[in-house]
Amino acid sequence: MITDEFLGILRCPESRQPLKRSDAQLVAKVNREIAAGRLRNRAGHTVVKPVDGLLVREDDHLAYPMIDDIPILLADEAVELT
């Protein structure tokens, strides 16, 4: 689990915007898209592993997956929310 203090220092590697935790509804929606084989990351690869959570960029355009409670802060692994 990411502490609030740690979350406060995390930034989007691309834009340097702060990140926030997603709500459970967004995680469920993303996991449904993954299960259906419809979700692609920014690198264009189909996402196959369900996420435990998401860290959403401040502008709500990108989300970074959390796998086994570890944030994957690589620009190519982000998923677009728009």
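One-based numbering along the sequence shown.
In this structure Arg21 satisfies the side chain to side chain donor-acceptor pair (under 3.5 Å) test together with Asp4, sequence neighbours excluded. Every residue meeting the side chain to side chain donor-acceptor pair (under 3.5 Å) condition with His61, not counting sequence neighbours, appears here in chain and number order: Asp59. Annotation: side-chain contact (heavy atoms from CB on, under 4.5 Å) contacts of Asp52 (sequence neighbours excluded): Asp68, Asp69. By the side-chain contact (heavy atoms from CB on, under 4.5 Å) test, Glu58 is found to be paired with Gln17, Pro18, residues two or more places apart in sequence or in another chain being considered.
Judged as a side-chain hydrogen bond (donor to acceptor under 3.5 Å, both in side chains), not a single pair has a partner in residues 22-31 (not counting sequence neighbours). Within the structure, salt bridge (charged side-chain N to carboxylate O under 4.0 Å, His left out) contacts touching residues 35-48 (residues at least two apart or in different chains) are Glu14-Arg42, Glu33-Arg38, Arg42-Glu80.
Under the 4.5 Å side-chain criterion, counting only non-hydrogen atoms from C-beta, Val79 is not in contact with Val51. Contact of the Ile34 side chain with the Val48 side chain is not registered, since no non-hydrogen atoms from C-beta on lie closer than 4.5 Å. Between Ile2 and Met66, the closest side-chain pair of non-hydrogen atoms falls below 4.5 Å. Between Leu26 and Leu81 the shortest side-chain heavy-atom distance falls below 4.5 Å. Looking only at side-chain heavy atoms (C-beta outward), Tyr64 and Leu54 stay at 4.5 Å or farther from each other.
Ala75 and Pro13 make their closest contact through N-CG, 4.2 Å (heavy atoms, listed as atom of the first residue, atom of the second, distance).
Here CG of Leu62 is found 7.5 Å from OG of Ser15. Values are rounded to the nearest 0.5 Å.
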**Q.** side chain to side chain contact (heavy atoms under 4.5 Å, CB included) evaluation trace for Val47 with Val30
**A.** CA-CA 10 Å; Val47 179; Val30 165; over 6 Å; no
Q | Residue pair Lys20, Leu55: steps toward the side chain to side chain contact (heavy atoms under 4.5 Å, CB included) verdict | A | CA-CA 5 Å; Lys20 58 188 176 186; Leu55 294 179; over 6 Å; no
(Q) I'd like to know whether Val27 forms a side chain to side chain contact (heavy atoms under 4.5 Å, CB included) with Arg32, so could you lay out the CA-CA distance, the side-chain angles of the two residues, the decisive distance to 0.1 Å, and finally the verdict. (A) CA-CA 9 Å; Val27 172; Arg32 283 192 302 273; over 6 Å; no
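Under the 4.5 Å side-chain heavy-atom criterion for ILVMFWY residues, no single connected hydrophobic cluster contains both Ile70 and Leu10. In the hydrophobic cluster analysis, where Ile, Leu, Val, Met, Phe, Trp and Tyr join through side-chain heavy atoms closer than 4.5 angstrom, Leu39 is grouped together with Ile67.
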